[in-house]
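Just so it is clear: chains get the letters A, B, ... in the order the sequence lines come, proteins before strands, and each one is counted from 1.
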Protein chains: 2
Amino acid sequence: MAKSNPPLPSVPVRQRGVTMNDVAKHAGVSRTAVSFVLSNRENTSISEETRARINTAVQELGYRPNAGARALASRRSDWYGIVTEIVTAPFAVDIIKGAQDQAWLDRRFLLIAPSDQADAVGPNQGLEDAATEKLLEQRVEGLLYAATFHRGVHVPASANEVPTVLINCFDADGKLPSIVPDERGGGRVAVERLLQAGHTRIGVINLDPVIPAAVGRLEGAREALSAAGLELDPELVVSGYATADGGYEAACRILDHPNRPTALFCLNDRMAMGAYDAIKERGLTIPADIAVIGFDNQELIAAYLRPKLTTVALPFEKMGALGVQTLAALTAGQPILADQQLVDCPLLERSSV
Amino acid sequence: MAKSNPPLPSVPVRQRGVTMNDVAKHAGVSRTAVSFVLSNRENTSISEETRARINTAVQELGYRPNAGARALASRRSDWYGIVTEIVTAPFAVDIIKGAQDQAWLDRRFLLIAPSDQADAVGPNQGLEDAATEKLLEQRVEGLLYAATFHRGVHVPASANEVPTVLINCFDADGKLPSIVPDERGGGRVAVERLLQAGHTRIGVINLDPVIPAAVGRLEGAREALSAAGLELDPELVVSGYATADGGYEAACRILDHPNRPTALFCLNDRMAMGAYDAIKERGLTIPADIAVIGFDNQELIAAYLRPKLTTVALPFEKMGALGVQTLAALTAGQPILADQQLVDCPLLERSSV
DNA sequence: GTGAAAGCGCTAACAC
DNA sequence: GTGTTAGCGCTTTCAC
């Protein structure tokens, strides 16, 4: 899609020209005073009057600090970098949103560098390395890595040069701190909701059984059941591709079981979407004949299916914010709570249970 | 969601310490030579041998240029800024992807600043102003504004200080260049596809009739029809909320018309999703009994509906790339093609026609 | 090809 | 409270 431009020599940017020196002169004070006032330094009694004079000068001259120069002199950039495949594969965008918002609140800037969707384990680490390198050239104070789906990853070696936090993924070969969803808790809460509605025979549409999401969610489901003295019927647990079609097929198999369940726990919303079709095709009604609960809370699906899908949300935004908070603690030299922080996956009631 | 941290004083970032001076010494050359080699300067005959020596030194020392210092000295940052609500409201994310990729190709960095979803016309311009200001403090060389949906916007005044390009929106009160989708062409291609399949009686599920998307798409539809000597039956054009529910209701009204159409043009995919339900409820089959065509190509919907939805795609990625290309031309002092560039909305064949 | 020198806009000591 | 003095790491003349 994108086409490489001929390298265009950019014309030097027209600076506003107004520097801190100009402000100082205009206000009739020292540059030091201006610097102090503008950076809100403490322990420096500058009279309210001078302060006001300086601020006026700033206004009148239209002075705008030069963030780059400040970073150079102070050896502090106020930038974090996030390298992520999310830009490329629009899922889990809310991680970026959460991180951005939190960074903004902390008066920090988030530099976003795209990486390839390919797992860093693979041969495709080139882009990821390049992104990290670029970020480091900008002298970011900390690094965030975010994945579209929960998994183990390998991070470029140079990430060790600054504090680093992983979001929605974890360090497959080291001890970098990470923020991940509490899949197990999510699975538990989903099935608890089903139990509460009186369902005891529950079918499960499973993901690829080896990924952390599947492992955790299923574990949680079993926990909830056994707490109620029940267990999963292995014949009612079927895996499929993580798509609507996969969900459709899996649902067909479950629904055509001689002893059909009264509820379906779909391990993601896309599969639930397919399950809806299978259910409707059989003339069954949701939730009267069969209850459905999903996972992921993909707005576009969950909120638009009819009936709207009750599902467990992945706390992307919160994870993003927490990632930045953790990074802030690290760069401030503070200890962090734990190597791996689990974030709750809350139940979102809609109309399918 | 995000919670404000207590302002953490960040510990000065541990620099790698290796500067250009070190490289020069290590290679036994002047710093000037190093600078020339690293920035790939032309018209400067440096022997292959020295060049190699310098590169080796860079490797051995693990030297990493300081982008900030370079920007300060050269008065050229190689950064563009994009302020957008897309981060906040995850629609049209591909604009960012397209822009990012193109920027990356051009060896430039894209700083993303979030703005509020609120239209800049409203009172909520605060965040947008702040974002622009922050970007300018970073001395970005150009500014991009991107919207989630096609509309007129007002851009902060300070945007005039650097070249600026609007993406998926246009300057409501000025002459800033913009990149927008060719809505009319999209409407035309959709209806042409329907005509080609033999449909002559076509229902339209319309959006809010005043927005550019509705105006353009409908105009295109009329064009295609009149080219075939046909016209739209006003009774078959019904507006609804841009949601699945809105689409459902509109579809009901159209389908229950005594002289039912054989095809439905839904002005967005969400509404098509609702229309599907209305159609299925009536025991009709897509596309045998009634063909459906959408608009937007929202993957999650279009690719997962059953049958998969034929729809017209919004060229977000291309628009993003084109925005950066246009900006590159502007910052290089080149003339640009036109104040407003239209980007094609291609038809995406799936199975609903 | 080199080296010196000036300067980008700012921070941070330090003596006043 | 102020002014001075050093840089931060790099680019860019310019004379050699």
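- We find that CG of B:L72 is positioned 17 Å from P of D:dG7, with the value rounded to whole Å.
- In this structure, CG of B:N66 is placed 7 Å from P of D:dG9, rounded to the nearest angstrom.
- Place A:T32 and B:R31 on DNA chain C by their nearest nucleotides, and B:R31 ends up nearer the 5' end.
- Among the heavy atoms of the strands lying under 4.0 Å from A:T19 are primed sugar atoms or P, OP1, OP2 only; no base atom is included.
- Between C:dT11 and A:R70, a contact under 4.0 Å exists linking OP1 or OP2 to a side-chain N or O.
- In this structure, the CD atom of B:Q138 is 20 Å from the P atom of C:dC8, given to the nearest Å.
- The pair A:R64-B:E137 fails the salt-bridge criterion, with no side-chain N (NZ, NE, NH1 or NH2) lying under 4.0 Å from an Asp/Glu carboxylate O.
- A heavy-atom distance below 4.5 Å is found between the side chains of A:T132 and A:Y145.
- Two residues, A:N21 and B:R53, neighbour DNA chain C, and the one matched to the more 5' nucleotide by heavy-atom proximity is B:R53.
- Distance A:I54 CD1 to D:dT2 C1': 11 Å, rounded to the nearest Å.
- Distance, B:R139 CZ to C:dC8 C1': 11 Å, rounded to whole Å.
- Residue A:R75 contributes atom CZ, which lies 10 Å from atom C1' of D:dG9 at whole-angstrom precision.
- The nearest whole Å value for the distance from the NZ atom in B:K25 to the P atom in C:dG3 is 13 Å.
- Taking atom CD of residue B:E137 and atom P of nucleotide C:dC10, one finds them 10 Å apart after rounding to whole Å.
- With hydrogens and angles left out, the side-chain atoms of A:S178 and A:Q341 include no donor and acceptor closer than 3.5 Å.
- Side-chain proximity of A:Y63 to the nucleotides C:dC10, D:dT13, C:dT2 is greatest for C:dC10.
- Across the interface with DNA chain D, nearest-nucleotide mapping of B:P65 and B:F36 shows B:P65 to be the residue nearer the 5′ end.
- Taking 4.5 Å as the limit, some side-chain heavy atom of B:T331 sits within range of a side-chain heavy atom of B:Y80.
- Position along DNA chain D of the nearest nucleotide to A:T50 versus B:A73 favours A:T50 as the more 5'-ward residue.
- Taking 4.0 angstrom as the limit, B:R76 places a side-chain polar atom (N or O) nearer than this to OP1 or OP2 of D:dT12.
- Residues A:S115 and A:E85 bring no donor and acceptor atom of their side chains to less than 3.5 Å of each other.
- For A:A69, taking side-chain heavy atoms from C-beta onward, the closest of the listed nucleotides C:dT2, C:dT11, C:dC10 is C:dC10.
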